[in-house]
Amino acid sequence: MTACELPTAKDADRGAFEVASELLRLDPDGSRMAKVFRATFDQLYDGQHTGRYSVDQLFKTEKTHFGTLIEINLQRELNLSDGEILDFKIAGHEVDCKYSHTGAWMLPIESFGQLILVTQASDQESVWSVGVVRVTEANRRTSENRDKKTGLNAHGRSQIIWLFKDAPMQPNALLQLPEDVVTAIMLGTSGQARVNELFRRATNRVLTRNIIATVAQQDDYMKRVRDNGGSRSALRPEGILILSGDYSVQRNIAIELGAAVPSPGELVSIQVAPAGETDGAYIAGTRWCIAPSGDAVTSPAPVIPTK
């Protein structure tokens, strides 16, 4: 992930430039903020207890609460100081934090003349954005809503100093799968049946623990993945192995297979078939490759090593 190029101090509002520079010092590659946006979506969905995985499934009040959670979670992650009149104090400047799913940030009177941290994210597109701008008279619309709030005009939007614009966020696999596939997964009559169907239907796709929790809807959701009755043993006869990013040997197997590679805390299911002597990955004494699409699988998947 690469930060947007900041304007020079002489070309920008000095306060906005100093705030942007400090935030980039705290999070040079945006990985910390990306984590906050992913965690905030998951926090609101509470998939383990509700089975929800999309903003469209939230109540209106929950969608409104997203901005408050982003503010709280950014402050915790970056250890930002409380402001005296606004949300934060960054590089000695008062800063108000504003979130909008659509980029239509609402600006109350108390933000006029002040610096605001504009934030936006799309779980559907797996992107997020953070920028800094001052709410000057020239930057804001003249119209107001019934609460006396307004927004940035076209000029104001052009004045945003973007730290990160449409930066990648850890994807939500359930939003990337076709709707009928997700429906089939969630129709399972037990947590184990749903998790099995997830690994069966979402092969070669990175799955987070939160996705497993959302599908299982059980406290011991990771138990649904393991051998001895979990998905690993249930799907092995179908040629499906499940690799964990928690083990370097399993990440290396994914690389050798040419499959999606899980990071720590992530999983990938892959349907495999026996391979030639120089093809694929060497697992449990035999070489394996990704099973060709549409081919009948006749060999059970191997037991994967953990070290």
Side-chain angles (χ1 to χ4, degrees), residues 1-30 32-34 36-37 40 55 63-122 125 127-167 169:
M1 194 183 307
T2 304
C4 297
E5 184 176 346
L6 296 185
T8 62
K10 64 183 179 63
D11 294 330
D13 178 302
R14 176 168 290 278
F17 176 83
E18 291 175 350
V19 168
S21 297
E22 174 62 10
L23 288 171
L24 286 178
R25 186 190 69 79
L26 293 170
D27 190 13
D29 63 357
R32 299 175 71 183
M33 286 187 265
V36 165
F37 283 99
T40 303
V55 170
K63 294 178 184 179
T64 303
H65 190 46
F66 193 96
T68 302
L69 290 178
I70 283 290
E71 173 195 329
I72 293 169
N73 293 339
L74 280 174
Q75 185 169 30
R76 287 175 176 169
E77 175 64 30
L78 301 178
N79 195 26
L80 302 175
S81 300
D82 281 329
E84 295 174 14
I85 57 174
L86 300 177
D87 296 325
F88 310 139
K89 180 168 280 189
I90 305 172
H93 300 281
E94 294 281 335
V95 180
D96 213 12
C97 185
K98 296 298 177 188
Y99 177 84
S100 171
H101 288 293
T102 63
W105 304 281
M106 299 308 297
L107 310 174
I109 292 174
E110 57 265 28
S111 71
F112 291 3
Q114 303 287 354
L115 294 170
I116 59 171
L117 187 71
V118 292
T119 63
Q120 184 182 2
S122 168
E125 298 176 8
V127 295
W128 60 276
S129 302
V130 167
V132 183
V133 67
R134 189 179 297 278
V135 185
T136 64
E137 187 173 354
N139 285 350
R140 65 178 188 265
R141 297 200 309 262
T142 56
S143 59
E144 299 176 341
N145 65 12
R146 66 181 64 184
D147 297 323
K148 301 296 183 181
K149 292 181 179 180
T150 187
L152 294 173
N153 57 24
H155 176 70
R157 288 176 176 274
S158 73
Q159 297 304 299
I160 297 173
I161 299 175
W162 290 110
L163 284 70
F164 298 93
K165 187 75 170 70
D166 294 330
M169 176 176 64

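- The distance from atom CZ of R14 to atom NE2 of H93, rounded to the nearest 0.5 Å, is 8.5 Å.
- A donor-acceptor pair under 3.5 Å links the side-chain atoms of D27 to the main chain of M33, judged by distance alone.
- The shortest non-hydrogen separation linking D82 to Q75 is OD1-NE2, 2.8 Å.
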Exercise for the section: Determine, stepwise, if the pair W105 / I160 fulfils side chain to side chain contact (heavy atoms under 4.5 Å, CB included). Expected result: CA-CA 12 Å; W105 304 281; I160 297 173; 4.0 Å; yes

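- Proximity of V132 to V95: side-chain heavy atoms (C-beta onward) are nowhere separated by under 4.5 Å.
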Exercise for the section: Report the C-alpha distance between L117 and L74 in whole Å, list the side-chain angles of each, state the deciding distance to 0.1 Å, and finish with yes or no for side chain to side chain contact (heavy atoms under 4.5 Å, CB included). Expected result: CA-CA 11 Å; L117 187 71; L74 280 174; 4.3 Å; yes

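- Side-chain atoms of S158 come within 3.5 Å of backbone N or O of H155 as a donor-acceptor pair.
- Of all non-hydrogen atoms in A138 and N153, the two that sit nearest each other are O-ND2, 2.9 Å.
- One finds the CG atom of L80 at 13.0 Å from the NZ atom of K89 (value rounded to the nearest 0.5 Å).
- Minimum interatomic distance between L107 and S111 (heavy atoms only, all atoms of both residues): CB-OG, 3.5 Å.
- Shortest non-hydrogen contact noted between I161 and A20 is CG2-CB, 4.0 Å.
- Of the possible donor and acceptor atoms, none in the side chain of R134 sits under 3.5 Å from a partner among the backbone N and O of I116.
- Shortest non-hydrogen contact noted between F37 and S129 is CZ-O, 4.2 Å.
- The aromatic rings of H101 and F66 lie tilted to each other, with the angle between the two planes from 30° to 60°.
- Applying the salt bridge (Lys or Arg N to Asp or Glu O under 4.0 Å) test to pairs two or more places apart or on separate chains, none has a residue in residues 151-166.
- A distance of 11.0 Å separates OG of S21 from CG of L26, quoted to the nearest 0.5 Å.
- Shortest non-hydrogen contact noted between L115 and L86 is O-CD1, 4.3 Å.
- Inter-residue side-chain proximity for V135 and D96 is flagged as unmet; no heavy-atom pair is nearer than 4.5 Å.
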Exercise for the section: Take W128 and V36 through the side chain to side chain contact (heavy atoms under 4.5 Å, CB included) test and state the conclusion after the steps. Expected result: CA-CA 10 Å; W128 60 276; V36 165; over 6 Å; no

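- Taken to the nearest 0.5 Å, the CD atom of E137 stands 9.5 Å off from the CZ atom of F112.
- To the nearest 0.5 Å, atom NZ of residue K98 and atom CD of residue Q120 are 15.0 Å apart.
- Contact of the I85 side chain with the Q114 side chain is registered, since non-hydrogen atoms from C-beta on lie closer than 4.5 Å.
- A distance of 9.5 Å separates CD in E22 from CG in L78, rounded to the nearest 0.5 Å.
- A side-chain contact (heavy atoms from CB on, under 4.5 Å) with T40 is found for exactly one of T119, I72, L69, namely L69.
- Without hydrogens or angle criteria, R32 side chain to E77 main chain gives a donor-acceptor distance under 3.5 Å.
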Practice task
For F164 and V127, run side chain to side chain contact (heavy atoms under 4.5 Å, CB included): C-alpha distance rounded to whole Å, both residues' side-chain angles, the deciding distance at 0.1 Å, then the answer.
Solution key: CA-CA 10 Å; F164 298 93; V127 295; over 6 Å; no

